[in-house]
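This structure is a prediction, so every number in the text was calculated from the model and none was measured. Chain naming here is simple, since letters A, B, ... match the order of the sequence lines and numbering starts at 1 in each.
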Number of protein chains: 2
Amino acid sequence: MDNNTEPMTDENAQGRIRLENIERIMKAAEKVFAGNGFRGATTAAIAEEAGLPKANIHYYFGTKAKLYRAVLDDIIALWLSSFREIGEEDDPATTLADYIRAKMELSQHRPNASKVFANELIRGAPRINKYLSTELKEWVEAKAAILDHWIAEGRMAPVDSERLLFHIWVMTQTWADFEAQWAAVLGRKNGLQPADFDAATDAITTMVLRTCGLVPVLPRSS
Amino acid sequence: MDNNTEPMTDENAQGRIRLENIERIMKAAEKVFAGNGFRGATTAAIAEEAGLPKANIHYYFGTKAKLYRAVLDDIIALWLSSFREIGEEDDPATTLADYIRAKMELSQHRPNASKVFANELIRGAPRINKYLSTELKEWVEAKAAILDHWIAEGRMAPVDSERLLFHIWVMTQTWADFEAQWAAVLGRKNGLQPADFDAATDAITTMVLRTCGLVPVLPRSS
DNA sequence: ATAAATCTTGACCGTTTGGTCAGGTTTTGT
DNA sequence: ACAAAACCTGACCAAACGGTCAAGATTTAT
């Protein structure tokens, strides 16, 4: 009745070996896709990175496109789960600082996820346009509305709330996506260190809080 | 004596046809590399984009790698030429606002150049590491020193000057590199419009000037 | 124990890739 | 006018590509 190659109809939790291999392949795929984009990545390179024969990759995922789709879905799920719920009654300064820190930790610990996403965006986002124009759009509009509410209540200075969110997003993201550039410019020959991420987090937080009038700005140093 | 395929030893300005074709090919190559990265781009796609037979591309540039190198060098030259000289006696607010506007205009009018560069950075910048760790590093250090000088004189608020420059760079760059994301989130079905670039320029400028204490921040709207 | 289900993989296939080349056409210098 | 230089390109090639498959090895359920 079912000519499906893979065992088990729906994606359920069965199979120890299966789960282990899928995880290993997806981790390898994330790395190779991050460094080469969809077209530039080869199934042979993914197989070598995973330490498995190429045919094994196709046994679990069928095609390169399906594997890429799986990697993208995994990243989007990670993104969505990392968005802490924000309420109108929360404190603006704490909320913004927490969000910046959470995004910076993602950049530091899952840089390849960020790079796969960045690659997709540069290419015009053909496969994630639906996600961008639905879920992400709604998330941005909801959060911007909360910022506007805080502004209307006089709890923070007037800002272009949507652009503020965009720019927070990109300032945090850059420490993963363009790490090579910042490491080179800062002279870090072994890549960025934890202290670099801390310094970046501080700089972004200061910038955002000053912009929102949530921290005093000293015009003179002495 | 010389088995060089190409005519003319050094790259001189001779040959009307040559110059026209080289420009046409490089423009097409920039577009295809921007949308696919180095590995994902094919010489056939570049040829089609340029409206020339594939063999013609190889006649002028030899290999895909040399063509890519030429495109990168062209972009770096554009980058360097766009860095207006900044002096210690200049006005901080005007200088920062001018720099932001200049970078935004590059993002708006040469998005493919920006995307090729971004692709290269995501891949770990194997071919431009030297540029990043020499010329760009020196540029950043020199400009950061001027900001620090302004801070020491009390002409602007204390900031982490290097990170400020990085974050200005990335906020302006994102409107080219990740245009697809912002267009989707903003609901612009025909891509970003000039007004979107103006709004972004304003938002970035406000953010930077407030961060540097160069503009009053109103904590209340009414 | 044993059979069904699952996993493994070397060998293979048709297509696409970057690159070559011979032989022709056009442009240029005198 | 005419030869030399530059330009053009269809046809071709070896290598790399995504994907397939059959036959065997291993795990699992009973």
message: With hydrogens left out and only the distance checked, is there a donor-acceptor pair under 3.5 Å joining B:Lys54's side chain and the base of C:dG18?
response: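 By the distance-only test, yes, there is a pair.
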Check whether any side-chain N or O of [X] sits under 4.0 Å from OP1 or OP2 of [N], and answer yes or no.
{"X": "B:Arg16", "N": "D:dA6", "value": "no"}
{"X": "B:Tyr60", "N": "D:dA6", "value": "no"}
{"X": "B:Tyr59", "N": "C:dG19", "value": "no"}
{"X": "A:Arg18", "N": "C:dT6", "value": "no"}
{"X": "A:Asn21", "N": "C:dT8", "value": "yes"}

task: Output all residues satisfying side-chain hydrogen bond (donor to acceptor under 3.5 Å, both in side chains) with A:Ser107, sequence neighbours left out; order by chain, then residue number.
output: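 Listed in chain order: nothing, the list is empty.
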How many Å lie between [atom1] on [X] and [atom2] on [N], as a whole number?
{"X": "A:Ile57", "N": "C:dT8", "atom1": "CD1", "atom2": "P", "value": "10 Å"}
{"X": "B:Leu19", "N": "C:dT28", "atom1": "CG", "atom2": "C1'", "value": "15 Å"}
{"X": "B:Asn56", "N": "C:dG19", "atom1": "CG", "atom2": "C1'", "value": "14 Å"}
{"X": "A:Lys66", "N": "D:dT20", "atom1": "NZ", "atom2": "P", "value": "9 Å"}
{"X": "B:Glu20", "N": "D:dC7", "atom1": "CD", "atom2": "P", "value": "11 Å"}
{"X": "A:Lys64", "N": "C:dT15", "atom1": "NZ", "atom2": "P", "value": "18 Å"}
{"X": "A:Glu48", "N": "D:dA16", "atom1": "CD", "atom2": "C1'", "value": "14 Å"}
{"X": "B:Ile22", "N": "D:dC7", "atom1": "CD1", "atom2": "P", "value": "8 Å"}

Salt bridge (charged side-chain N to carboxylate O under 4.0 Å, His left out): pairs with one or both residues in [range], sequence neighbours excluded:
{"range": "residues 35-52 of chain B", "result": "B:Lys31-B:Glu49"}
{"range": "residues 95-106 of chain B", "result": "B:Asp98-B:Arg101"}
{"range": "residues 165-190 of chain B", "result": "B:Arg188-B:Asp196"}

Counting side-chain heavy atoms from C-beta on, which of [options] comes nearest to [X]?
{"X": "A:Pro53", "options": "C:dC21, D:dG18, C:dT9", "answer": "C:dT9"}
{"X": "A:His58", "options": "C:dG18, C:dG10, D:dG18", "answer": "D:dG18"}
{"X": "B:Ala55", "options": "C:dT20, C:dG19, D:dG19", "answer": "C:dT20"}

- request: Quick one: which residue pairs count as a ring-ring contact (aromatic ring centres under 6.0 Å, His included) with a foot in residues 113-137 of chain B, not counting sequence neighbours?
  value: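 Sorted pair list: B:Trp79-B:Phe117.
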message: Looking at A:Arg24 and A:Ala50, would you say the former's side chain and the latter's main chain have a donor-acceptor pair under 3.5 Å?
response: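 Flag set: sc A:Arg24 to bb A:Ala50 pair under 3.5 Å.
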query: Do A:Lys137 and A:Glu141 sit within salt-bridge range, that is, some charged N less than 4.0 Å from a carboxylate O?
result: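 Salt bridge: yes.
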message: Near DNA chain C, counting only heavy atoms under 4.0 Å, which residues of residues 32-43 of chain B show up?
response: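 Under 4.0 Å from DNA chain C: B:Ala41, B:Thr42, B:Thr43.
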